[in-house]
There are 4 protein chains.
Amino acid sequence: MAPAPNPDLRNQRSHRAILDAALELAARDGYAKVTVEAIAAAAGVGKQTIYRWWPSKAAVILEALNDRTGPFSGVPDTGDIAADIAVAAQGVIEALGTGLGTIWRGLVADAQGDPRLAESLLNDFMEPRNKAWQDRLDKAVAAGELRADVPTRTMVELLFGPIYYRLLLGTDPLDPDNTTTRVDYLLNGLRPH
Amino acid sequence: MAPAPNPDLRNQRSHRAILDAALELAARDGYAKVTVEAIAAAAGVGKQTIYRWWPSKAAVILEALNDRTGPFSGVPDTGDIAADIAVAAQGVIEALGTGLGTIWRGLVADAQGDPRLAESLLNDFMEPRNKAWQDRLDKAVAAGELRADVPTRTMVELLFGPIYYRLLLGTDPLDPDNTTTRVDYLLNGLRPH
Amino acid sequence: MAPAPNPDLRNQRSHRAILDAALELAARDGYAKVTVEAIAAAAGVGKQTIYRWWPSKAAVILEALNDRTGPFSGVPDTGDIAADIAVAAQGVIEALGTGLGTIWRGLVADAQGDPRLAESLLNDFMEPRNKAWQDRLDKAVAAGELRADVPTRTMVELLFGPIYYRLLLGTDPLDPDNTTTRVDYLLNGLRPH
Amino acid sequence: MAPAPNPDLRNQRSHRAILDAALELAARDGYAKVTVEAIAAAAGVGKQTIYRWWPSKAAVILEALNDRTGPFSGVPDTGDIAADIAVAAQGVIEALGTGLGTIWRGLVADAQGDPRLAESLLNDFMEPRNKAWQDRLDKAVAAGELRADVPTRTMVELLFGPIYYRLLLGTDPLDPDNTTTRVDYLLNGLRPH
DNA sequence: TCGTAACCGAGACGGTACGTCACGTCTTCTG
DNA sequence: CAGAAGACGTGACGTACCGTCTCGGTTACGA
């Protein structure tokens, strides 16, 4: 049988130190240069202590990222769905433009070859945000601001997918200023009126 | 300074063998499991011969992928822009659903920590395809099928970005069948008429 | 600074296996053909484990040689210095005539381009033997068997230097039988009486 | 059949340039750091041109060394054999104390794992010198300065072997000043009179 | 209150792949 | 058409991290 360590016995001080060290190293040296050994050393912790609780450096950093960005809350709701989306898109662009964006990109990168990480990344990071937006969009649909025949899950993808895509591929720099225009394109469509 | 070997002296047989071996290994074992040593061995080539001409395994595989998918050509042009986009989207989804998609994802992953690779991936792989689509969309604009006030570069991103995004994040499986619907959403917008 | 691993934590089983493998490979394939990788493989050990404790293959083999020939003891002392030297010279010739001689020659060879190894070879291998002989010769001087005005360190060199020299240069095959004669030349001098 | 290049066709200019470059590089960077590629580059010559005429870098450097130190001549002959030996020993010590000594040591090192080189080193470099000394000692024997019952070949070994030995092992620094004393030890023997 | 069992730090271990170096051979182009 | 230039297959180098595995030392719970 697996030893199955008891999470209650987890040393709080170590846990914190690991998450803090992981995030600081990732921000300082770049995601790819972080190693489990370096995290352990920086946290003043044995390597085994990390492997006891996480399967990989990516898992540590994902939890650290989640821990830092905190429980996601902020879907704006002013009643004007277009404005709310634009503001939120600006927020995403700004957040991902910092070191956190680089870390997120590193996690996505590792997830390409690690299905378990991909699942965690989805469940623990992306989905809560998507879910909150689906709810906001549902409300907008109910208010008659958006088409009722488009699944809101699809809407979220169409609205935010291009931003994440550009961040990963780096086609062009992300500019928070023209989000309003882009939202207009999506809401009103690309056909002439 | 680097000695910068003369490309004219490159051995054609080795060059081919390397590209073929790289692609076959990547398809068989998965991008992440490929190593430069394995490529060299499979190609019957010295490791140094690879490092002489490419900076990394990713660069080899990128060239191999480009070499295999050949000179990009296929933007459909039936006169119906919506149908053309839908067909193309299906094509992308089908192409990336195979082993080639996994390879492409691996390249994007490596590019997150390797700016030079990111640049190559953009210039050598993505941009030619984007460019071809911009031309097709320009034509559609001229034909009055699309809004003239939206940069076609942006259109390409809005149309295909979500597909690539979903491929990388794996939010939901990609389904080639509903591309028509999705194109409709984008062309007509998410607002009620 | 180097991390300087703690020798107390050295794994005894690995240590032994490395020394044994090193000596066996050197004896079987010849000193020059031994590689660190081969030692590691033969010892069932990671290459890094060798590099953790020794700076080079030569250092491993030197320790292995020292370990095998054991703590040097045997300076004969029958009271007849001429006979004792002759016997010892025979011993040296016989010992170095075997595979061990080839190994020793390899170490001397490497030491020509590696001052640290040269120092180790001197301190750990040659000097203990020289020292023991100096003591024996001191006793002979006290007994009036040898000149008191010649430093015994120099004597050791004059007595054994030519043997080692011939081994290295291979001028003529070493013959254990005529050691007595050669000792006579050295003790009584090359001038006619 | 072996191609067996005709030595007459050997390009004189290249030959010279190779020998000169080899010796200069060896003197400047140390024997061990010299590579065939570096010699070729420094001589403005293709690598193949070196391999056509010599089997290894050691062979090149041996010929270069021989070429530089020129045809050996200098055995002093004043009629006083003790003085002549002392002067010659000083000469050896001085010569080998310079960069040439380092080169010679490198050659001896390589010869330990290369029987063909060992043979060349002996035949082309050591033996001529030994031979000349044997002749000088034969004369001294005839003059009654040295014992007639000791082979002069052995004498040469006893006289010079310890010097070469010390140079290779580096037991103590070589001092040209006390050669007279050392010759005295050897000629008069280590026993009290 | 005191075992005793788990967690902890430290870091050595067997591995895998890295990117570099030099070898000795082979090929191409040029003077 | 000889030879410089240098690409080639080969193989070992020494390094970096991986994820696992001892080691004592230190909690912290239950008898």
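Computed from a predicted model, the values in this text were never measured in an experiment. We name chains A, B, ... by the order of the sequence lines, and we start the count at 1 in each one.
An OP1 or OP2 oxygen of dC8(F) is reached within less than 4.0 angstrom by a side-chain nitrogen or oxygen of Arg52(B). Proximity of Ser14(A) to the phosphate of dG9(E): a side-chain N or O atom is located under 4.0 Å from OP1 or OP2.
Residue-environment remark: CZ (Arg116(B)) stays at or below the threshold of 12 foreign heavy atoms within 6.0 Å.
Between the CG atom of Leu9(B) and the P atom of dA5(F) there is a distance of 13 Å, given to the nearest Å. To the nearest angstrom, C1' of dG24(E) lies 10 Å from CD of Glu37(D). Rounded to a whole Å, the CG atom of Asn6(B) is 8 Å from the P atom of dG6(F). Whole-Å rounding puts the Ile50(B) CD1 to dA17(E) P distance at 14 Å. Summarising the geometry, the separation between CD1 on Ile18(A) and C1' on dC8(E) is reported as 11 Å, rounded to the nearest angstrom. One interatomic measurement links the two molecules: CH2 of Trp54(B) to C1' of dC8(F), which rounds to 13 Å at whole-angstrom precision. For Asp29(D) and dA22(E), the CG to P distance is 11 Å, given to the nearest whole Å. Rounded to whole angstrom, the span from the CD1 atom of Ile39(B) across to the P atom of dG9(F) amounts to 14 Å.
Closest to the side chain of Thr49(D), from the set dC17(F), dC8(F), dG3(F), is dG3(F). Taking every side-chain heavy atom of Thr35(B) into account, dA17(E) is the closest of dT15(F), dG24(E), dA17(E). Taking every side-chain heavy atom of Val45(C) into account, dG14(E) is the closest of dC23(E), dG14(E), dC8(E).
Toward the 5′ end of DNA chain E lies the nearest nucleotide of Gly44(C), the other residue of the pair Val36(D) and Gly44(C) mapping further downstream. Comparing Tyr51(B) and Lys57(D) along DNA chain E, the residue whose closest nucleotide (by nearest heavy atom) sits nearer the 5' end is Tyr51(B).
Across all strands shown, Asp8(B) has no heavy atoms under 4.0 Å from either base or sugar-phosphate atoms. If you check every strand for non-hydrogen atoms under 4.0 Å, Trp53(B) touches sugar and phosphate atoms only. As judged by a 4.0 angstrom heavy-atom cut-off over every strand, Ser56(D) is placed among residues making no nucleic acid contact.
Checked for salt-bridge contact, Asp67(D) and Arg16(D) meet the test: a charged N lies under 4.0 Å from a carboxylate O.
Within the 4.5 Å cutoff, no side-chain heavy atoms of His15(A) are placed close to those of Trp53(A). Taking 4.5 Å as the limit, every side-chain heavy atom of Val34(D) sits out of range of all side-chain heavy atoms of Val60(D). With a 4.5 Å cut-off on side-chain heavy atoms, Lys57(B) and Ile50(B) do not count as touching. Contact annotation: the side chain of Trp104(D) approaches that of Val108(D) to within less than 4.5 Å [non-hydrogen atoms, C-beta and beyond]. Looking at heavy atoms from C-beta onward, Trp54(A) lies in side-chain contact with Ile18(A) at the 4.5 angstrom threshold.
Counting atom types as modelled, Gln48(C) pairs no side-chain N or O with a base atom of dC13(E) as donor and acceptor under 3.5 Å. You won't find any donor-acceptor pair under 3.5 Å spanning the side chain of Lys47(C) and the base of dG15(E), going by distance alone.
Scanning both residues, Ala58(D) and Leu107(D), for their nearest heavy atoms gives O-CD2, 3.4 Å.
Contacts between residues 111-119 of chain D and DNA chain E, defined by a heavy-atom separation below 4.0 Å, involve no residue at all.
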